[in-house]
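Written out below as structure tokens is the structure these notes cover.
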Number of protein chains: 2
Amino acid sequence: MTPLPKDEAKRKRIIAAAIRVFAHDGLSNGKIATIAEKAGIGKGTVYEYFSSKEEIFAAVFKDFFNQMIAGYTQLIDAPMDPVKKIELVFDYSYDYLDQLLEDEHGQDWLIFLEIFLQGFRDEFKGIGKLSFSTVLREIYNIFKPFVDEGIQAGVFKPLDSEHVTFILFAALDGISLHYFINRDHYDNEKLKTITKEIFLNGLLKPQTEGA
Amino acid sequence: MTPLPKDEAKRKRIIAAAIRVFAHDGLSNGKIATIAEKAGIGKGTVYEYFSSKEEIFAAVFKDFFNQMIAGYTQLIDAPMDPVKKIELVFDYSYDYLDQLLEDEHGQDWLIFLEIFLQGFRDEFKGIGKLSFSTVLREIYNIFKPFVDEGIQAGVFKPLDSEHVTFILFAALDGISLHYFINRDHYDNEKLKTITKEIFLNGLLKPQTEGA
DNA sequence: ATATTATGACCGACCAGTCAGTCATAATTG
DNA sequence: CAATTATGACTGACTGGTCGGTCATAATAT
């Protein structure tokens with residue numbers, strides 16, 4: 001009834017389990033045995049799908065950024081006013097966080113940080129040739145075009161778009177991190193509003209005055 | 001029966017060594033033997049000063065935040081225009097990073113992330129009862145008074161100062177993180193300028209128009 | 001349809017390496 | 001010499017990865 005081909009679904013189950021384990025315990029403390037257990041398979045089987053712990057983590061890493069890139073790309077793919085796009089990106093980010101946090105897997109979002117940390121550690125640079133800074137710049141580059149667009153159109157101040165994009169995404173990322181830990185003390189909607197208030201108005205060219 | 005520190009200087013040396021080791025290898029992979037070696041003492045001696053690895057890390061954690069809090073507090077202690085204070089804080093942050101990065105201890109700044117990560121994990125499971133979110137809010141509270149001041153004085157927009165402070169510090173933190181990894185691709189001065197341009201103008205009440 | 005054989009996914013006991021923490025001893029100090 | 005401090009060899013617990021064996025299913029034969 002159930003055929004047993006080497007199963008893509010099982011591979012996915014392992015990755016999903018690994019996310020939870022690495023998020024909760026870290027790459028170093030997360031145990032293969034726990035991953036296997038959570039995936040509902042034997043420990044040996046894990047090694048039928050991945051050749052090492054680090055390879056599992058690399059898969060998690062890839063998965064994470066691919067989803068992130070796909071999410072943002074899709075979000076701002078349609079032609080749209082640059083201002084609207086920025087608002088969308090901010091709103092989406094907060095909502096994405098809330099979704100992560102409300103999820104039954106309480107601490108899964110920590111994988112975010114673990115990946116960040118491992119990404120920074122240069123030992124990790126080798127694995128699957130994933131360069132963290134390259135991946136990050138890939139993400140900045142999703143945003144840069146519409147920052148450019150806004151500047152071209154004279155809606156945004158004529159600042160260096162490369163640096164502006166960097167600041168926008170980095171700031172958003174920091175806000176996400178802090179929101180994770182302090183979410184109980186702040187109001188999602190208020191944060192959304194104020195974030196947009198500050199960033200948009202900081203970015204928009206004053207319309208009434210020709211400074 | 002942890003003996004009292006016999007030699008405060010040696011204790012400091014252990015902490016300094018621990019910072020480098022934990023920064024480079026992480027809490028879990030960093031070895032006591034390495035810390036001892038870097039501190040120029042025997043492994044057993046470490047246990048004369050700290051009763052466990054986690055206790056060492058807790059000391060690093062405390063040390064880090066105390067320095068951070070002291071730095072910012074001192075920076076903005078003098079009476080000063082709120083706008084000037086914000087500019088100071090931004091400039092100081094970038095300069096502090098550059099100082100960390102130019103330091104001979106190449107990767108020491110990673111302790112920043114390691115602390116962050118461990119801080120997030122289960123609110124740092126009891127160790128020394130350090131609550132990470134509490135520490136963070138202690139830091140926000142350094143900034144909040146002058147945000148309040150700026151709002152009272154009608155210089156800043158009348159936004160909720162609690163949320164504004166959160167966003168400011170969180171954003172700054174994120175920018176720091178990204179600056180760490182991508183510093184080679186961006187210009188410190190340009191980032192400083194643009195950061196202030198965006199944040200200050202987003203925060204300042206438009207003076208010419210009475211919307 | 002049923003028996004026989006081939007396949008490879010699955011498993012977990014085991015091994016070899018690692019490391020936090022201990023403790024018997026050595027060095028140092030007063 | 002006694003007390004204090006330093007030390008590193010040692011140990012026990014732990015875990016990543018391996019490997020020989022099992023068994024459900026597929027393929028083939030009758």
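This is a predicted model, so every value here is computed, not measured. Convention: sequence-line order gives letters A, B, ...; per-chain numbering from 1.
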Open item on the list: What is the separation between atom CZ on B:Arg11 and atom C1' on D:dT5, rounded to the nearest whole Å?
Closed with: 17 Å

Task: Nearest-Å distance for atom pair NZ/P, residues A:Lys31 and C:dG12 - done: 19 Å

Open item on the list: Closer than 4.0 angstrom, basic N to acidic O: yes or no for B:Lys12 and B:Asp63?
Closed with: no

Open item on the list: I want to know whether A:Tyr72 and A:Tyr92 have ring centres closer than 6.0 Å.
Closed with: yes

TODO: Return the value, rounded to whole Å, for the distance between atom CG of A:Asn29 and atom C1' of D:dT15.
DONE: 11 Å

Open item on the list: In this structure, how many angstroms lie between the P atom of D:dG16 and the CZ atom of A:Phe57, rounded?
Closed with: 14 Å

Task: Whole-Å distance separating the OH atom of A:Tyr49 from the P atom of D:dG16 - done: 20 Å

Open item on the list: As a test of reading the structure: which of D:dG16, D:dT7, C:dC11 is closest to the side chain of A:Glu48, going by heavy atoms?
Closed with: C:dC11

TODO: Rounded to the nearest angstrom, tell me the gap between atom CD in B:Glu54 and atom C1' in C:dG21.
DONE: 13 Å

TODO: From the options D:dT18, C:dC11, C:dA20, select the nucleotide whose nearest atom is closest to the side chain of A:Tyr47.
DONE: D:dT18

Open item on the list: Regarding A:Gly30, tell me which of base, sugar-phosphate or nothing describes its non-hydrogen contacts under 4.0 Å with the strands shown.
Closed with: sugar-phosphate

Task: B:Ile32 side chain, from C-beta outward: closest of D:dA6, C:dA20, D:dG16 - done: C:dA20

- [ ] Could you work out which one of C:dA20, C:dC10, C:dC14 sits closest to the side chain of A:Lys43?
- [x] C:dC14

Open item on the list: From the set D:dG16, C:dC11, D:dT15, return the single nucleotide nearest to any side-chain atom of A:Thr45.
Closed with: C:dC11

Task: For atom CD1 of B:Ile41 and atom P of D:dT4, their distance in whole Å - done: 20 Å

TODO: Give one of base, sugar-phosphate or nothing for A:Ser52, where a contact means two heavy atoms less than 4.0 Å apart.
DONE: sugar-phosphate

TODO: Name the nucleic acid region contacted by B:Lys53, choosing base, sugar-phosphate or nothing; use a 4.0 angstrom heavy-atom cut-off, strictly under.
DONE: sugar-phosphate

Open item on the list: How about NZ on A:Lys38, more than 12 heavy atoms from neighbouring residues, nucleotides or ligands closer than 6.0 Å, or not?
Closed with: no

Task: Rounded distance in Å - CZ (B:Phe50) to C1' (C:dA20) - done: 16 Å

Task: A:Leu27 backbone acceptor or donor facing A:Gln118 side chain under 3.5 Å - done: no

Task: Separation between CD1 of B:Ile19 and CZ of B:Phe61, rounded to the nearest 0.5 Å - done: 13.0 Å

